[in-house]
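Whatever order the structure lists ligands and atoms in, that order sets their numbers, starting from 1. Residue numbers start at 1 and run along the sequence shown. All heavy atoms count here, side chains included; hydrogens, waters and symmetry mates do not.
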Amino acid sequence: MLDKVNELIGEVNTFKATSKKEVEAFRIKYLGSKGLLKNLFAEFKNVDAELRKDFGQALNTLKKSAENKVNELNDAIDNTTEDKGSYGDLTRPGEPIEIGSRHPISLVKNKIIDIFNRIGFTVSEGPEIEDDWHNFTALNLPEYHPARDMQDTFFIEKNPDTLLRTHTSSVQVRYMENNQPPIRTISPGRVFRNEDISARSHCIFHQIEGLYIDTDVSFADLKQTLLYFTKEMFGKSKIRLRPSYFPFTEPSAEVDIYWGLETETDYRITKGTGWLEIMGCGMVDSNVLTNCNIDPAKYSGYAFGMGIERIAMLLYQIPDIRMFYENDKRFLEQFTSVI
Ligand code: PHE
């Protein structure tokens, strides 16, 4: 008797069905009012007293297995018919769509563009392969000027010189040549310098430079714009300008923001000073205006420029600049966003 029940349990567990009809027939066979279980339970009284416990347990197992099987098969059939065309439960949450990620350089670049768009700056772009005039000479860096050494250059051809632009200031020259003031433009782009590759510097990186030219533009306007930018970009409202030198601006300055000294990271990235250098800036040199056919007696302006990698490294705590160009998915996926 017990063997028979165990055999039935085996049968129940291996039973397969693809239609509701088959499942119903199975249910009636085992669990129906005239089904096998009913009959077996009726046999109970004929079983020897010492075997009853085992027999009873086996019967319960059989009953549970049969009930589970019926539910399981019905569920499985419900799901497959849905796939074949019916809409199923329309209130069920949708399948998650996997979204890609933007490169951190793009995220930072877009954020900077957005901040300057709000105060009337438009985006301008130019070629990565430049001539000497737009990259150097027009920017008050004539041939043999020692400051040309500030940016080690990749030359493509000599006489006339063709080179990979060392900064996006070349785009601003092109913009001034083709537009009269008022000018408000930012130029993002890739730049190239013949430098050793390390964790802190690379021979390819990205810059974003700004140019503002109008009547009566003063250094105070520059400072106010930079303050607005640092507030929007970093949420920091203290900056300082240190005198510096760029051939194309006079006076020139380096901009530091006060990052603070609250965490250990703050100490590390600011070398314990709380201050962090983020860009160069200055009033556009009158020679540059003249070179670009803008009358310096009538107009003045300011310019600023920053490295996008440097800012992305700061914001996202990226320790090595080379990570931006390795295209390691594990790195890039950390920047998945909905925008
Ligand atoms: N072009 C400069 C550089 O690449 C940055 C800069 C831009 C400085 C504008 C001042 C004004 O270093």
Phe331 vs Phe335 aromatic rings, parallel, tilted or perpendicular, using cut-offs 30° and 60°? perpendicular
Looking at ligand 1, does Arg193 have a heavy atom less than 4.0 Å from it? yes
Regarding atom 7 (C) of ligand 1: of the candidates Gln207, Met306, Glu209, which has the closest heavy atom? Glu209
Which word best sums up how the rings of Phe248 and His167 line up, parallel for under 30°, tilted for 30 to 60°, or perpendicular for over 60°? perpendicular
Under 4.0 Å from a heavy atom of Cys281: which atoms of ligand 1 are those, numbered in the order shown and with their elements? 10 (C), 11 (C)
Using the six-membered ring wherever Trp is involved, compare the ring planes of Tyr325 and His206 and label them parallel, tilted or perpendicular (cut-offs 30° and 60°). parallel
For residues Tyr212 and Tyr302, establish whether the separation of their ring centroids is below 6.0 Å. yes
Classify the ring geometry of His103 against Phe324: parallel below 30°, tilted from 30° to 60°, perpendicular beyond 60°. tilted
Short list, please: which atoms of ligand 1 are under 4.0 Å from a heavy atom of Ser169? 1 (N)
What residue and atom, counting heavy atoms only, is the protein's closest point to atom 9 (C) of ligand 1, and at what distance? Phe304 C, 3.5 Å
Does a donor on one side chain sit under 3.5 Å from an acceptor on the other, for Asn135 and Ser170? no
For Gly280, counting its heavy atoms only, list the atoms of ligand 1 lying under 4.0 Å from any of them. 8 (C), 10 (C)
Against heavy atoms of His167, which atoms of ligand 1 measure under 4.0 Å? 1 (N), 4 (O)
